[in-house]
A.B. asks: 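Questions regarding the structure given below will be posed in turn.
Residue numbering restarts at 1 for every chain, and letters A, B, ... go by the order of the sequence lines.
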Protein chains: 2
Amino acid sequence: MKLSTRGRYGTKVLLDLALYQGVGPVLLKDISRRQRIPLHYLEHLIAPLIAGGIIRSSRGAKGGIWLVKSPAEIRLSKVILLLEGSIAPAECVTNPKLCESADACVTRDVWLEMENAMNEVLESITLQHLAERHKSKEQLKEKMYYI
Amino acid sequence: MKLSTRGRYGTKVLLDLALYQGVGPVLLKDISRRQRIPLHYLEHLIAPLIAGGIIRSSRGAKGGIWLVKSPAEIRLSKVILLLEGSIAPAECVTNPKLCESADACVTRDVWLEMENAMNEVLESITLQHLAERHKSKEQLKEKMYYI
DNA sequence: TATAAAGTTGATGATTTTAGTCAGGAATAG
DNA sequence: CTATTCCTGACTAAAATCATCAACTTTATA
């Protein structure tokens with residue numbers, strides 16, 4: 001039940017964009033360095049985010065990537081869906097036809113409940129929430145230097 | 001974010017045992033047939049369940065496996081933990097030392113929230129619940145033949 | 001318009017995990 | 001003693017994961 005690096009890296013990328021929002025295109029190179037994601041791997045990670053319409057990109061000098069919508073409009077449920085596909089703990093949840101007895105299967109019901117519980121969490125958190133949480137943690141850290 | 005067959009098969013095995021509880025040792029061969037799990041694979045699946053103390057086994061003629069506790073006392077959280085290990089969506093949740101900035105990381109907080117949400121679901125469901133749900137679905141199915 | 005910068009795409013590869021299979025062994029009932 | 005049944009370790013094929021690389025396209029700007 002682990003997310004792949006796609007989901008984890010991708011979420012970090014978008015948090016990074018949310019934190020650097022409004023300053024124009026953000027370089028992949030910079031995101032790579034700040035978030036410790038291999039640049040060449042990062043290049044592949046952004047494809048589904050562009051296809052999903054939550055970031056845009058520009059090539060060439062002064063190029064980079066940026067959020068298309070405001071961070072408050074981007075929910076993690078969407079992000080994870082784009083990067084990982086369905087979050088359901090078993091294929092049969094999303095695609096009942098894979099198993100003849102799907103509708104009679106009580107274990108499938110459990111996996112469905114788990115998916116719903118996860119989706120509630122992801123649905124309730126936006127990039128703005130993440131950015132705010134991050135800033136408030138940073139502030140806390142700075143204050144601690146003066147104690 | 002998929003469970004492996006270990007978690008899915010294993011849960012079915014235990015549901016099967018809960019349904020056939022009280023009739024003495026249940027043959028792996030029968031579980032294999034009813035739950036459509038390869039026998040040789042099943043033999044490996046039961047090891048962590050025995051080690052975890054929720055089933056016991058006896059070899060030889062009239063052998064088989066059975067639940068050690070009552071189905072009402074066995075929560076799915078325990079089952080999945082034995083079969084899959086931690087259900088956390090990322091290693092850093094269980095083992096913060098893997099990442100220097102774990103305590104400052106807001107994405108890690110999200111993965112932790114997801115884990116908690118899943119655990120609440122799994123904590124709230126016992127094998128008895130599963131068995132009851134199963135029987136009531138079966139009954140519904142029988143009734144439908146007479147409509 | 002030449003050039004450097006930066007994202008895009010497709011091919012490839014190393015490593016790990018998954019999902020088994022198989023052979024032989026050990027315990028148990030009768 | 002013997003048939004039955006679970007146990008264990010070794011092994012394997014296939015898939016997924018996590019990249020890396022090279023060639024290419026687009027863009028800003030000197």
A.B. asks: Can you tell which of D/dC6, C/dA29, C/dG7 lies closest to the side chain of B/Ser57?
C.D. replies: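 It is D/dC6.
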
A.B. asks: Between D/dT5, C/dT8, D/dC21, which one does the side chain of B/Lys29 approach most closely?
C.D. replies: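 Of all the options, the side chain of B/Lys29 is nearest to D/dT5.
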
A.B. asks: Using only side-chain N and O atoms of B/Thr5, determine if any of them is under 4.0 Å from OP1 or OP2 of C/dA19.
C.D. replies: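 Result: yes.
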
A.B. asks: Which nucleotide in the list C/dC22, C/dT8, D/dT4 gets nearest to the side chain of A/Ile46?
C.D. replies: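 My answer, after comparing the listed nucleotides, is C/dT8.
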
A.B. asks: Return the nearest nucleotide to the side chain of A/Arg59; candidates are C/dA6, D/dC6, D/dT20.
C.D. replies: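 Selected nucleotide (nearest to the side chain): C/dA6.
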
A.B. asks: Please report the distance, rounded to the nearest Å, between CG in A/Leu27 and P in C/dT8.
C.D. replies: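 Computing the A/Leu27:CG to C/dT8:P distance gives 12 Å.
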
A.B. asks: Whole-Å distance between D/dT17 P and A/Glu84 CD?
C.D. replies: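 In whole Å, D/dT17 P lies 8 Å from A/Glu84 CD.
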
A.B. asks: Atom NE2 of B/His40 to atom P of C/dA23: distance rounded to whole Å?
C.D. replies: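 Atom NE2 in B/His40 sits about 8 Å away from atom P in C/dA23.
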
A.B. asks: When you get a sec, tell me which of D/dT20, C/dA19, D/dA28 is the closest nucleotide to the side chain of A/Tyr41?
C.D. replies: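 The nucleotide sitting nearest to the side chain is D/dT20.
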
A.B. asks: Under 4.0 Å, counting only non-hydrogen atoms across every strand here, what does B/Ile50 touch: a base, just sugar-phosphate, or nothing?
C.D. replies: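 The residue B/Ile50 makes sugar-phosphate contact but no base contact.
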
A.B. asks: C/dT18 P sits how many Å from B/Leu83 CG, rounded?
C.D. replies: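 From B/Leu83 CG to C/dT18 P: 13 Å.
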
A.B. asks: In whole angstrom, what separates A/Ile37's CD1 from D/dT20's P?
C.D. replies: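 In whole Å, D/dT20 P and A/Ile37 CD1 are 12 Å from each other.
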
A.B. asks: Check the distance between C/dA6's P and A/Asp30's CG and give it to me in whole angstrom.
C.D. replies: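 Roughly 9 Å, once rounded to whole Å.
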
A.B. asks: For D/dA19, does either OP1 or OP2 sit under 4.0 Å from a side-chain N or O belonging to A/Tyr9?
C.D. replies: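 Checking A/Tyr9 against D/dA19: at least one side-chain N or O falls below 4.0 Å of OP1 or OP2.
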
A.B. asks: Could you tell me how far apart A/Glu43 (CD) and C/dA5 (P) are, to the nearest whole angstrom?
C.D. replies: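 From A/Glu43 CD to C/dA5 P: 16 Å.
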
A.B. asks: In terms of side-chain heavy atoms of A/His44, which of D/dC18, C/dT9, D/dA28 is nearest?
C.D. replies: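 Nearest listed nucleotide: C/dT9.
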
A.B. asks: Between A/Gly63 and A/Ser4, which has a closest nucleotide on DNA chain D that is more 5'?
C.D. replies: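 Result: A/Ser4.
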
A.B. asks: Indicate yes or no: does A/Lys137 engage B/Asp109 in a salt bridge with an N to O separation below 4.0 Å.
C.D. replies: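 A salt bridge links A/Lys137 with B/Asp109.
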
A.B. asks: Without decimals, in angstroms, what is the distance between B/Trp66 CH2 and D/dC6 P?
C.D. replies: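 It is 10 Å, rounded to the nearest whole Å.
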
A.B. asks: The side chain of A/Lys62 lies closest to which of these nucleotides: D/dT29, D/dT5, D/dA22?
C.D. replies: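 In terms of side-chain proximity for A/Lys62, the closest of D/dT29, D/dT5, D/dA22 is D/dT29.
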
A.B. asks: Is a donor from one side chain sitting under 3.5 angstrom from an acceptor on the other, for A/Glu84 and A/Ser4?
C.D. replies: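 A pair is found: one side chain offers a donor N or O, the other an acceptor, under 3.5 Å apart.
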
A.B. asks: Output yes when A/Glu100 and B/Arg36 qualify as a salt bridge under the 4.0 Å nitrogen-oxygen rule, no when they do not.
C.D. replies: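 Looking at A/Glu100 and B/Arg36, the cut-off is met.
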
A.B. asks: Does atom CD of A/Glu43 have more than 12 heavy-atom neighbours, drawn from other residues, nucleotides or ligands, at distances under 6.0 Å?
C.D. replies: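 Atom CD in A/Glu43 is crowded, with more than 12 foreign heavy atoms closer than 6.0 Å.
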
A.B. asks: Does any N or O in the side chain of A/Glu123 come within less than 3.5 Å of the main-chain N or O of A/Arg75, such that one atom is a donor and the other an acceptor?
C.D. replies: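 No; zero donor-acceptor contacts below 3.5 Å.
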
A.B. asks: Does a side-chain N-to-carboxylate-O contact under 4.0 Å join A/Glu113 and B/Arg133?
C.D. replies: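 Yes, this pair counts.
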
A.B. asks: Checking contacts here: which listed nucleotide (C/dA29, D/dC6, C/dA19) is nearest the side-chain heavy atoms of B/Arg8?
C.D. replies: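 Ranking C/dA29, D/dC6, C/dA19 by closest atom to the B/Arg8 side chain puts C/dA19 first.
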
A.B. asks: Just compare D/dC7, C/dA5, D/dT20 and give me whichever is closest to any side-chain atom of A/Pro38.
C.D. replies: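 Minimum distance to the A/Pro38 side chain belongs to D/dT20.
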
